[in-house]
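Below, all heavy atoms of this structure are taken into account, side chains as well, without hydrogens, waters or symmetry copies.
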Amino acid sequence: MAPLSKRLLICFTVVFLSLATTISAQETTESVSISTELQSAKTDQEVLSILMVPLTSEELAVVANAWQGIVHAQMDKIANINLKILTASATEIDALRTQLSTMTTEQFALQRKYQSVLKAWGRKGGPLKTWRAMRII
């Protein structure tokens, strides 16, 4: 095969694979984004479990990443309240501790939902190392 033909073949192969990967990623994102309930902190645990049943491993990876973001954001809020407590006046501390208690309770519920997403992803063939590492937040 002539050098120019080899280069053209390589270029076409690279372009084809790039397009195929882009289309596949778009399909996965689109199918998961159809149900915003899958990525909402307000979704009931039982509803979340039911909605995950038909999802593929790739779709569950997207949902797991979204839930990791939800849990992380809540943890960030809790950390900020703890920082405020360090410098708060005596009158502000009680209100901040009440807020912290409420947010911590919410955090436990979010964590349970996130863990159920990771378990579902693991059962559907999610990469063991990845979903195990994501469990630790």
Side-chain angles (χ1 to χ4, degrees):
M1 193 178 266
L4 181 60
S5 297
K6 283 184 180 180
R7 285 187 206 158
L8 284 174
L9 181 61
I10 291 171
C11 286
F12 284 126
T13 303
V14 169
V15 169
F16 175 76
L17 290 175
S18 296
L19 287 173
T21 303
T22 303
I23 290 169
S24 175
Q26 287 174 346
E27 288 173 353
T28 300
T29 303
E30 288 171 8
S31 62
V32 173
S33 66
I34 290 172
S35 176
T36 55
E37 282 184 291
L38 284 167
Q39 300 174 28
S40 171
K42 295 178 182 181
T43 302
D44 180 70
Q45 176 71 50
E46 189 174 356
V47 172
L48 182 64
S49 295
I50 292 168
L51 291 173
M52 288 188 295
V53 170
L55 300 182
T56 65
S57 176
E58 292 80 19
E59 292 167 327
L60 284 167
V62 173
V63 175
N65 282 323
W67 272 95
Q68 185 179 42
I70 291 168
V71 170
H72 183 272
Q74 184 75 4
M75 290 174 67
D76 191 46
K77 290 176 188 175
I78 290 170
N80 286 325
I81 291 173
N82 277 310
L83 289 173
K84 286 179 184 177
I85 288 173
L86 293 175
T87 59
S89 66
T91 56
E92 296 172 322
I93 287 180
D94 286 338
L96 287 170
R97 286 191 176 145
T98 300
Q99 188 179 4
L100 181 62
S101 176
T102 301
M103 293 190 84
T104 302
T105 301
E106 291 171 3
Q107 174 66 20
F108 289 135
L110 293 174
Q111 194 71 32
R112 281 192 299 276
K113 291 176 188 179
Y114 177 53
Q115 293 300 321
S116 72
V117 170
L118 292 178
K119 286 179 186 176
W121 185 28
R123 284 191 300 269
K124 294 269 180 113
L128 186 64
K129 269 186 160 178
T130 304
W131 71 264
R132 278 191 174 165
M134 289 177 76
R135 289 188 316 188
I136 304 167
I137 288 191

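- Membership of the apolar cluster around Leu83 extends to Leu86, as traced through chained side-chain contacts below 4.5 Å between ILVMFWY residues.
- The CD atom of Glu46 sits 11.0 Å away from the CG atom of Leu51 when rounded to the nearest 0.5 Å.
- Closest approach of Pro54 to Lys124, counting heavy atoms only: C-NZ, 4.0 Å.
- Looking only at side-chain heavy atoms (C-beta outward), Gln39 and Val62 come within less than 4.5 Å of each other.
- One distance of note links NE2 of His72 with CG of Leu110; it measures 13.5 Å at 0.5 Å rounding.
- Ser40 is linked by a side chain to side chain donor-acceptor pair (under 3.5 Å) to nothing, counting only residues two or more places apart in sequence or in another chain.
- Distance check: Lys42 NZ to Leu48 CG gives 15.5 Å after rounding to the nearest 0.5 Å.
- Listed by first and then second residue, the side-chain hydrogen bond (donor to acceptor under 3.5 Å, both in side chains) pairs involving residues 87-99 are Ser89-Thr91, Ser89-Glu92 (not counting sequence neighbours).
- For Thr43 (side chain) and Glu37 (main-chain N/O), a donor-acceptor pair under 3.5 Å exists by modelled atom type.
- Counting only distance, with no hydrogens or angles, the side chain of Asn65 and the backbone of Ala61 share a donor-acceptor pair below 3.5 Å.
- Atom NZ of Lys77 sits in a sparse spot, with 12 or fewer heavy atoms from other residues, nucleotides or ligands closer than 6.0 Å.
- A 4.5 Å side-chain heavy-atom check between Leu38 and Trp67 finds every atom pair outside the cut-off.
- For the residue pair Ser116 and Gln45, the shortest heavy atom distance occurs at OG-NE2, 2.9 Å.
- Ile85 belongs to a hydrophobic cluster with Ile78, Ile81, Leu96, Leu100, Met103, counting contacts under 4.5 Å between side-chain heavy atoms of Ile, Leu, Val, Met, Phe, Trp and Tyr, direct or through other members.
- Val117 and Ile50 end up in different hydrophobic clusters when Ile, Leu, Val, Met, Phe, Trp and Tyr side chains are linked at under 4.5 Å.
- With hydrogens and angles disregarded, no donor-acceptor distance shorter than 3.5 Å links the side chain of Trp121 to the backbone of Pro127.
- Under the rule for a side-chain contact (heavy atoms from CB on, under 4.5 Å), Ser101 has no partner lying at least two apart in sequence or in another chain.
- Remark: Asp44 CG to Lys113 NZ distance equals 6.5 Å, nearest 0.5 Å.
- In terms of the side chain to side chain donor-acceptor pair (under 3.5 Å) criterion, Thr102 has no residue partners (sequence neighbours excluded).
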